[in-house]
Amino acid sequence: MATRAFLNLADATEAALIVAAQARDQAAFGELVKRRQGWARALLRKMCQSHAEADDLAQEAFIKAWDRLRDLETPAAFPGWFRRIAVTTFLMAKRRQKAVFEEIDEAVSPLADETSTPEAQAGAKIDLEKALARLSDAERLCVTLNHGEGLSHGEIVEMTGLPLGTVKSHVLRGTEKLRRMLEAA
Amino acid sequence: MNDFDALLKRSFAEADEPADDGFSVQVSHTVARREAASTLRSRAYAVAMGVAGLAVFYGVYALASALGPQILAMAGLELAQAHGALASGPSETAQSLMQSLSAGMTQVLLITAALAGGAVAYRSVQQG
């Protein structure tokens with residue numbers, strides 16, 4: 001708690017918050033959660049089919065992060081380090097449900113409702129969550145990490161433990177399904 | 001990168017992030033509860049270890065009180081016997097035993113040398 005006395009939470013940098021949280025400062029960790037919750041929950045909402053499940057997993061991931069924060073070597077590595085925890089939490093949850101990598105119906109339905117909006121019709125943006133929900137768990141995970149988080153196939157392999165060929169296949173098929181959904185709309 | 005990939009990346013980048021609807025408070029409360037429970041557990045563990053240490057100490061003390069004088073007396077006796085054995089010279093029995101061993105050892109060495117010499121001679125004959 002020695003760092004706490006010198007830390008104004010609202011103005012503190014993320015690195016300072018992380019260092020304080022590593023010294024078991026709960027208030028600093030609370031501030032860190034407040035700043036990162038949007039990113040973490042959005043990431044997991046893209047991977048999960050329900051917001052409630054994603055929020056539960058995000059909470060689980062933050063608790064794990066609190067427990068393991070001393071393992072983090074540099075504050076700058078926090079986003080990647082936390083992303084790995086979030087993905088592992090997601091994979092463990094799916095394994096518990098024994099649902100991971102089950103394929104869903106190959107017939108891809110068009111995104112009639114969401115692509116009928118003027119914005120989507122103009123091709124500016126797609127309703128990502130609804131489109132992703134139509135992919136299988138594995139495709140959604142790989143597409144999110146590749147297109148959303150900018151990870152290479154190799155990094156996804158390292159993070160998920162899936163074979164390289166499988167990752168490439170999931171990214172390709174997931175992306176193709178999203179494309180077909182939009183074209184059919 | 002084609003147009004669709006670019007659209008996909010932009011959609012990911014522009015996807016809305018959920019507002020903090022009490023999520024961070026919930027996580028903070030969970031962390032606080034876990035830390036409190038962990039502190040309580042470690043204190044209970046320390047108390048349990050203290051009680052166990054006292055119990056062991058009391059048991060050893062009781063045992064030492066009962067058997068200590070006997071053990072010390074036996075140790076003193078053994079020490080006195082050892083001191084006596086070292087102070088006096090070897091007994092007659094020990095002396096005769098040592099002589100027998102020396103004589104026997106000579107025989108054993110002679111037989112071993114003869115066998116080794118025979119083996120060497122045999123090998124040289126075979127090779128020659």
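Letters A, B, ... mirror the listed sequences (proteins, then strands); counts begin at 1.
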Rounded to the nearest 0.5 Å, how far apart are [atom1] of [X] and [atom2] of [Y]?
X	Y	atom1	atom2	result
Gln26(B)	Gln37(A)	CD	CD	11.0 Å
Glu149(A)	Phe12(B)	CD	CZ	8.5 Å
Asp21(B)	Asp55(A)	CG	CG	7.0 Å

Should [X] and [Y] be counted in the same cluster of Ile, Leu, Val, Met, Phe, Trp and Tyr side chains packed under 4.5 Å apart?
X	Y	value
Leu162(A)	Leu164(A)	yes
Phe23(B)	Val25(B)	no
Val167(A)	Leu172(A)	no
Ile71(B)	Leu63(B)	yes

Pick from Ser24(B), Ser38(B), Ala13(B): which one has the most heavy-atom pairs with chain A under 4.5 Å?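 Ranked by contacts with chain A, first place is Ser24(B).
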Heavy-atom contact with chain B under 4.5 Å, split by part of [X]:
X	answer
Asn146(A)	backbone
Leu132(A)	side chain
Ala40(A)	neither

Side chain to side chain, Trp66(A) and Glu35(B), heavy atoms closer than 4.5 Å: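 Yes, at least one pair of side-chain atoms sits under 4.5 Å.
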Close side-chain approach of Arg179(A) to Leu8(B), heavy-atom, < 4.5 Å: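 No, too far: nothing below the 4.5 Å cut-off.
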Answer with yes or no whether the side chains of Thr30(B) and Gln59(A) bring together a donor and an acceptor at under 3.5 Å.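 Present: a donor and an acceptor within the cut-off.
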Above 12 or not: heavy atoms from other molecules or residues under 6.0 Å from CD of Gln70(B)?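 No, because the 6.0 Å sphere around CD of Gln70(B) holds 12 heavy atoms or fewer from other groups.
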Taking atom NZ of Lys64(A) as the centre, does the number of heavy atoms from other residues, nucleotides or ligands within less than 6.0 Å exceed 12?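 Counting neighbours around NZ of Lys64(A), more than 12 heavy atoms of other residues, nucleotides or ligands fall under 6.0 Å, so yes.
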[X] to [Y] - nearest heavy-atom pair and separation:
X	Y	answer
His147(A)	Asp5(B)	CE1-OD1, 3.8 Å
Val31(B)	Phe29(A)	CG2-CE2, 3.9 Å
Glu17(B)	Ala42(A)	CG-CB, 4.1 Å

Report the C-alpha distance between Asp20(B) and Arg35(A) in whole Å, list the side-chain angles of each, state the deciding distance to 0.1 Å, and finish with yes or no for salt bridge (charged side-chain N to carboxylate O under 4.0 Å, His left out). CA-CA 9 Å; Asp20(B) 190 359; Arg35(A) 292 188 194 180; over 6 Å; no
Is a donor on one side and an acceptor on the other found under 3.5 Å between the side chain of Arg45(A) and the backbone of Pro18(B)?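 No: the side chain of Arg45(A) does not pair with the backbone of Pro18(B).
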